2 protein chains.
Amino acid sequence: MKITRDNGKTARSPVSRVTKLRPKPKRATVGRPRKVDGSVIAADRILDAAEDLFSKRGFDGVTMREVAILANVDAALAHYYFATKQGLFDAVLERRAELVFSERMEAFDVYEATQGDKVTVEGAVATFVIPLLERARNGDIGWKNYFRLIALVNNDASHVAPSIMSYFDPLVHRLITVVKRALPDTREEELFWCFHFLTGALTLALSRTGRLDRVSGGLCRSDDLASIEPRMVEYCAAGFRSVCTHDRKPATK
Amino acid sequence: MKITRDNGKTARSPVSRVTKLRPKPKRATVGRPRKVDGSVIAADRILDAAEDLFSKRGFDGVTMREVAILANVDAALAHYYFATKQGLFDAVLERRAELVFSERMEAFDVYEATQGDKVTVEGAVATFVIPLLERARNGDIGWKNYFRLIALVNNDASHVAPSIMSYFDPLVHRLITVVKRALPDTREEELFWCFHFLTGALTLALSRTGRLDRVSGGLCRSDDLASIEPRMVEYCAAGFRSVCTHDRKPATK
DNA sequence: GTCTATAACTGGATAGAC
DNA sequence: GTCTATCCAGTTATAGAC
């Protein structure tokens, strides 16, 4: 999983730099390691802080110093562990990716094993969406930040996005496959369009921007995932069913 | 419309600075003014360049120098016209906001005048969404960039977002009102949740991130708004109808 | 592993000549 | 209006001492 940001501004100066040649201490970013005096160790505090800040302000809106301050470590330590800001960003994204992925994949295993031939659109959408929303809802603040960051990245038109998101592609194909079993006569294209709308709704839900709170006059809160969950499943399932059962011309129109 | 970004890093130094006290040349950012030697004048080129870059990399991902270079003007000129980077950002957002707003508002006027009592959910959703998608589809590159920027801002969890988005709130209320006429027994809450999903789908569509292209193996292109338009209307209308006609417990569950 | 110090820049902003 | 020349705070990143 490699994510690079390299617009002009970040470009290195003409003079040769040693950056990247330094033998960085390649500390794997797996698991939650040993504790130190009862609290989480530094590297993880740094990841937590970075997760928090990046999720709110994006890559460029955050400085290494801010991260270090929030993590309560020395500024140089973040570089010691993650070498570059980009490295830190990647590490944050990677830290929870595998767990999320396998958890959602298993949900599909269970669903398909349980339902056999009787899969439904609702079931497929719920399987795709619920493990994720549950973590976003019941997880600690770190999880909430992580998903906001994922949302931010998913919505990013620059090239920071691609890499991690494509890591989740198999899940999308799994969703498509199951929905297709529920709606056999649908063209793949339509399924992908519907997925697109689903993802958009999901992304905004995970961002918890607060706009809904304001426009609804406090009637709805964008962080009320308990209310969002059943409605989103129903909304999207209905959408899939409607779009996919209508005949439509094959191509772009 | 005031949008401020003020995380620590941008904070001014303790020493008093004259920033903001300078008598900035308050050039209004309205209309498309006189031309100069056959091409668009500098201020507009700056806005175009900023629109382009901000829409792709966000506020912090862009430097004033980059904007100036892309606009083919001197770096100091951007400051001359817009005083601060934030001022430039705001000006970009404001430039097209009023036109978009009134265009969409008029669409509702026409729709309601035409349909009388026979408003439908499809009709309401289409009225909300189509004027915008049409511009995003048929407009020049500037319009495409503008809408991507709007999407980016709509998805932003930091406080850069609120201001312009709430400028469009009346449109949201208009949508809710019309849908309510089509589905009279619906609780407002449900309508706002559905709007939330609609907005999410719309936001992602306007971002044109290219992720859909990859995950679908080229079957769908995220910038193919001609295909998106009818499907999004149908998808969201079905969602509204399904969620809003199901009885559900009043509150958060 | 952790902190101090600092190199080597970048970026926003402005004064003041044309 | 436009451009040159800066100012200077803040930024990433890295030695090198503890």
Side-chain angles (χ1 to χ4, degrees), chain A residues 4-27 33-37 39-46 50 53 57 59-69 71-89, chain B residues 4-27 33-37 41-46 50 53-54 57-69 71-89:
Chain A
T4 28
R5 170 149 206 125
D6 191 13
N7 44 2
K9 75 171 263 217
T10 322
R12 292 287 143 259
S13 78
V15 215
S16 78
R17 297 265 310 238
V18 261
T19 321
K20 296 199 173 296
L21 297 179
R22 191 172 64 107
K24 53 190 160 192
K26 43 169 83 79
R27 177 191 176 281
R34 62 254 124 94
K35 307 225 169 187
V36 153
D37 70 279
S39 66
V40 185
I41 76 156
D44 287 284
R45 288 212 313 281
I46 293 169
L53 294 172
R57 307 213 209 95
F59 184 82
D60 299 296
V62 175
T63 70
M64 294 296 270
R65 285 205 221 303
E66 287 178 287
V67 172
I69 289 169
N72 229 298
V73 300
D74 186 87
L77 204 60
H79 280 106
Y80 173 73
Y81 281 122
F82 304 102
T84 64
K85 185 182 179 184
Q86 186 69 56
L88 174 57
F89 190 75
Chain B
T4 27
R5 171 148 205 127
D6 191 14
N7 44 0
K9 74 170 264 217
T10 323
R12 292 285 144 261
S13 80
V15 215
S16 79
R17 298 265 310 236
V18 260
T19 320
K20 296 198 173 295
L21 298 178
R22 188 171 66 105
K24 55 190 160 189
K26 46 169 81 80
R27 177 190 177 280
R34 62 254 121 97
K35 308 225 169 186
V36 153
D37 71 280
I41 77 156
D44 288 284
R45 289 213 310 282
I46 294 169
L53 294 172
F54 283 140
R57 305 214 281 270
F59 184 80
D60 299 297
V62 175
T63 70
M64 294 296 272
R65 281 173 173 69
E66 285 179 288
V67 172
I69 289 169
N72 229 298
V73 299
D74 186 89
L77 203 60
H79 280 106
Y80 173 72
Y81 281 122
F82 305 101
T84 63
K85 184 182 180 183
Q86 186 69 57
L88 173 58
F89 189 75

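Chain naming here is simple, since letters A, B, ... match the order of the sequence lines and numbering starts at 1 in each. Fair warning: this is a prediction, and the values are worked out from it, not measured in the lab.
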**Prompt:** Rounding to a whole Å, what distance do you find between B:N72:CG and D:dT2:P?
**Reply:** 13 Å
**Message:** Taking the side chain as everything from C-beta on, heavy atoms only, tell me whether B:F54 gets closer than 4.5 Å to B:K85.
**Reply:** yes
**Item:** Atom-to-atom span, CE of A:M64 to C1' of C:dC9 - whole angstrom
**Value:** 16 Å
**Inter-residue atom distance B:L88.CG - B:M64.CE, 0.5 Å rounding** = 5.0 Å
**Message:** Could you measure the distance from the CG atom of B:L77 to the CZ atom of B:F82? Nearest 0.5 Å is fine.
**Reply:** 8.5 Å
**Message:** In this structure, how many angstroms lie between the C1' atom of D:dT2 and the CD1 atom of B:I46, rounded?
**Reply:** 11 Å
Which protein N or O atoms sit under 3.5 Å from an N or O of nucleotides 3-7 of chain D?
from, atom 1, to, atom 2, distance (Å)
D:dC3, OP2, B:D74, N, 3.4

**Message:** Rounded to whole Å, please give me the gap between CG in B:D60 and P in C:dT10.
**Reply:** 18 Å
**Item:** N or O in side chain of B:H79 less than 4.0 angstrom from C:dA13 OP1/OP2
**Value:** yes
**Request:** Any chance you could measure A:Y80, atom OH, to A:I46, atom CD1, to the nearest 0.5 Å?
**Result:** 11.0 Å
**Prompt:** Please give, in whole Å, the distance from D:dT14 P to A:Y81 OH?
**Reply:** 17 Å
**Request:** Rounded off to whole Å, could you give me the CG-to-P distance for the B:D44 and D:dG1 pair?
**Result:** 11 Å
**Prompt:** Atom CD1 of A:I69 and atom OG1 of A:T63: how far apart are they, to the nearest 0.5 Å?
**Reply:** 7.0 Å
**Asked** Separation of A:L88 atom CG from D:dT11 atom C1', in whole Å?
**Response** 15 Å
**Message:** If we ignore hydrogens and angles and just use 3.5 Å, is the side chain of B:R45 paired with the main-chain N or O of B:A71 as donor and acceptor?
**Reply:** yes
